[in-house]
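Just so it is clear, the values below take in all heavy atoms, side chains as well, and ignore hydrogens, waters and symmetry mates.
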Amino acid sequence: MNKVINYPEDLEKLAEALDFIEEDKRIATIKALLGILILN
Amino acid sequence: MTDAPKLRQERKKLFENAVRRIEKPKSVPLISHAWTWKVIDAGYTFSEGLLNYDNLFKISCEHHEKYNFDSYMEIGTAFLMRVTKAFGQCDYLIDDERGCLSYIDTAYLQMSDYDTLLEKGYEKFFWENLIPAKFHYDSLETAKEKIREGVREQQIYAAHVQRTVKQFNDVFGVPLIAIGRYMCPAEAIFWGLQGIKGMSIAMRKQPEKLAAVLEELRPFVNAGFFAAIENQASTDRAVFDYRMNLLAHNIMNDKQFEKFYWPYLKEYIDKIVEYDKLGFIFIQGTADRIMDYLQEIPKGHFAVMFENTDIFEAKKKLKDKVAITGGYPCRLLNDGTKQECIDFSTKIMNEIGYDGSYIFCADKMLGFKNDANPVNMKLVNDFFRSYEI
């Protein structure tokens with residue numbers, strides 16, 4: 001299987017998609033997903 | 001403005017007195033264990049209730065207005081189905097016709113992934129392996145698109161949580177059950193990453209690697225706990241400072257519990273005591289095999305809630321170390337006669353609650369229609385609320 005996301009290089013690219021969030025909060029928002037997504 | 005702050009403080013004091021034993025509480029503190037049962041009780045289907053936040057808000061409010069508990073295990077904020085679906089995968093299945101709600105026991109992590117996880121570290125493994133596998137991302141573009149949708153949905157969910165918490169705290173005068181959470185890493189493996197079967201096999205086939213994986217997960221699953229406990233001020237907005245659930249211990253023998261679970265449970269207990277906090281421990285399934293460990297809990301800091309363990313036996317063993325919580329049979333809440341309900345409630349007060357340390361709660365999470373009936377629920381609440389300790 002091809003690697004879809006490269007960490008940490010692609011985090012900024014993922015954060016770019018969050019254009020409805022203030023720019024300086026996008027990376028923190030992406031990083032916070034770590035605690036939420038797998039356990040729900 | 002109502003007298004909500006005063007009521008909130010009074011409710012908090014009931015719990016504090018039950019746990020810390022400063023003085024006997026004025027009445028038995030009552031915790032609601034209604035999860036999805038309240039959706040059905042309010043006349044909605046699961047889809048109507050759980051996927052529509054306005055309905056869910058109304059349902060939670062109606063549940064409080066009808067039964068008037070002092071705190072709630074769940075206030076309509078535990079269901080992230082819309083959020084995870086927006087990210088690309090929801091592990092819940094709703095069947096409104098049959099009144100069923102199921103959770104798929106899926107393994108996103110295999111035993112064969114342990115080496116990769118340990119080599120990369122959890123954070124890198126999470127982004128490169130787990131997220132694409134769980135949410136079916138086949139390209140970076142798909143990931144960007146779905147994460148955008150997911151975060152948008154998460155913001156809607158966060159607004160729902162904020163609205164509900166404000167209603168309970170500032171209008172109803174009800175403290176939340178806890179401010180923060182703690183989780184033993186084994187729980188993350190058990191119900192989030194590897195599933196029941198996968199973890200059972202790993203404990204036997206690769207115990208050392210599993211132990212290393214748990215150590216790797218430790219800082220991530222409790223990042224909030226470790227960061228906040230030292231400086232977290234006490235508040236009447238929640239009954240307990242932290243809550244935790246035990247479930248994975250049910251598939252462990254004594255030796256496995258000692259290796260994979262107890263060090264992390266002990267860490268929670270020690271931190272709560274060190275910082276003089278109030279902790280809540282909900283033991284799902286049975287606690288019978290770990291009762292010796294629970295006897296190490298120091299007095300005055302914890303409420304321990306039981307599910308399939310006899311609370312009368314638990315009281316004999318734990319004595320005055322913890323506030324015995326829960327254990328009220330759903331069977332009685334659903335189809336017990338009035339006299340059976342009163343007799344059992346009286347027995348609880350005579351054998352456990354006589355010293356003011358019992359906290360009422362149903363023994364099981366109330367999920368489905370026949371888990372309780374409204375008449376018995378009110379009857380039992382009224383009994384405990386009016387009982388003079």
Side-chain angles (χ1 to χ4, degrees), chain A, chain B residues 78-81 83-85 87-92 103 106 108-109 120-152 154-155 157-158 181 183 187-194 217 220-224:
Chain A
M1 192 176 151
N2 292 333
K3 199 193 273 186
V4 173
I5 300 172
N6 286 293
Y7 177 90
E9 300 88 324
D10 289 339
L11 279 201
E12 282 202 20
K13 289 179 193 160
L14 293 173
E16 277 170 19
L18 307 182
D19 53 7
F20 51 92
I21 289 178
E22 289 171 54
E23 209 169 333
D24 60 344
K25 292 184 179 152
R26 290 179 196 165
I27 286 280
T29 304
I30 289 284
K31 285 193 165 184
L33 297 177
L34 186 73
I36 302 165
L37 286 184
I38 287 300
L39 302 175
N40 284 286
Chain B
F79 306 102
L80 280 81
M81 297 163 188
V83 177
T84 50
K85 192 175 175 197
F87 274 104
Q89 167 71 25
C90 175
D91 287 338
Y92 283 92
Y103 184 76
T106 311
Y108 297 108
L109 173 73
K120 286 185 175 184
Y122 180 62
E123 200 160 359
K124 190 173 175 65
F125 185 81
F126 172 87
W127 284 107
E128 294 188 350
N129 299 68
L130 288 176
I131 285 291
K134 173 161 180 169
F135 296 110
H136 316 292
Y137 299 157
D138 54 10
S139 68
L140 186 62
E141 282 313 303
T142 314
K144 281 173 76 170
E145 187 189 320
K146 297 305 285 181
I147 286 174
R148 187 177 198 277
E149 282 177 40
V151 172
R152 264 203 184 283
Q154 198 186 5
Q155 289 185 322
Y157 165 75
R181 278 178 181 274
M183 178 187 273
E187 298 294 351
I189 294 286
F190 180 75
W191 57 265
L193 296 172
Q194 207 169 358
L217 287 179
F220 295 102
V221 293
N222 290 309

Item to check | Most contacts with chain A, counted as non-hydrogen pairs under 4.5 angstrom, among Met183(B), Glu145(B), Gln154(B), Gln89(B) | outcome: Gln154(B)

Checklist outcome for this item: Nearest heavy-atom approach of Ala143(B) to Ile5(A) is CB-CD1, 4.1 Å

Item to check | Contact class of Leu11(A) relative to chain B, heavy atoms under 4.5 angstrom | outcome: side chain

Checklist outcome for this item: chain A shares the most heavy-atom pairs under 4.5 Å, among Glu123(B), Arg152(B), Lys120(B), Lys134(B), with Arg152(B)

Checklist entry - Can you say whether Ile30(A) sits under 4.5 Å from chain B via the side chain, the backbone, both, or neither, judging by heavy atoms? => result both

Next on the checklist: Please classify the contact between Tyr92(B) and chain A as side chain, backbone, both or neither, with a heavy-atom cut-off of under 4.5 Å.
Outcome noted: neither

Checklist entry - Just wondering, are more than 12 heavy atoms of other shown residues or ligands nearer than 6.0 Å to NZ in Lys85(B)? => result no

Checklist entry - Do other residues, nucleotides or ligands put more than 12 heavy atoms under 6.0 Å from Glu9(A) CD? => result yes

Next on the checklist: Contact between Gln155(B) and Phe20(A) at the side-chain level, heavy atoms closer than 4.5 Å - yes or no?
Outcome noted: yes

Checklist entry - For chain A, which of Ile147(B), Val151(B), Thr84(B) has the most heavy-atom pairs under 4.5 Å? => result Val151(B)

Checklist entry - Is the shortest heavy-atom distance from the side chain of Leu33(A) to the side chain of Ile131(B) under 4.5 Å? => result no

Checklist entry - Are any non-hydrogen side-chain atoms of Trp127(B) and Asp10(A) less than 4.5 angstrom apart? => result no

Item to check | Best-contacting candidate, Lys144(B), Arg148(B), Glu141(B), against chain A by heavy atom pairs under 4.5 angstrom | outcome: Arg148(B)

Checklist entry - Checking heavy atoms, do the side chain of Leu80(B), its backbone, both or neither come under 4.5 Å from chain A? => result side chain

Checklist outcome for this item: Okay, Tyr108(B) and chain A: the region with an atom under 4.5 Å from a heavy atom over there is neither

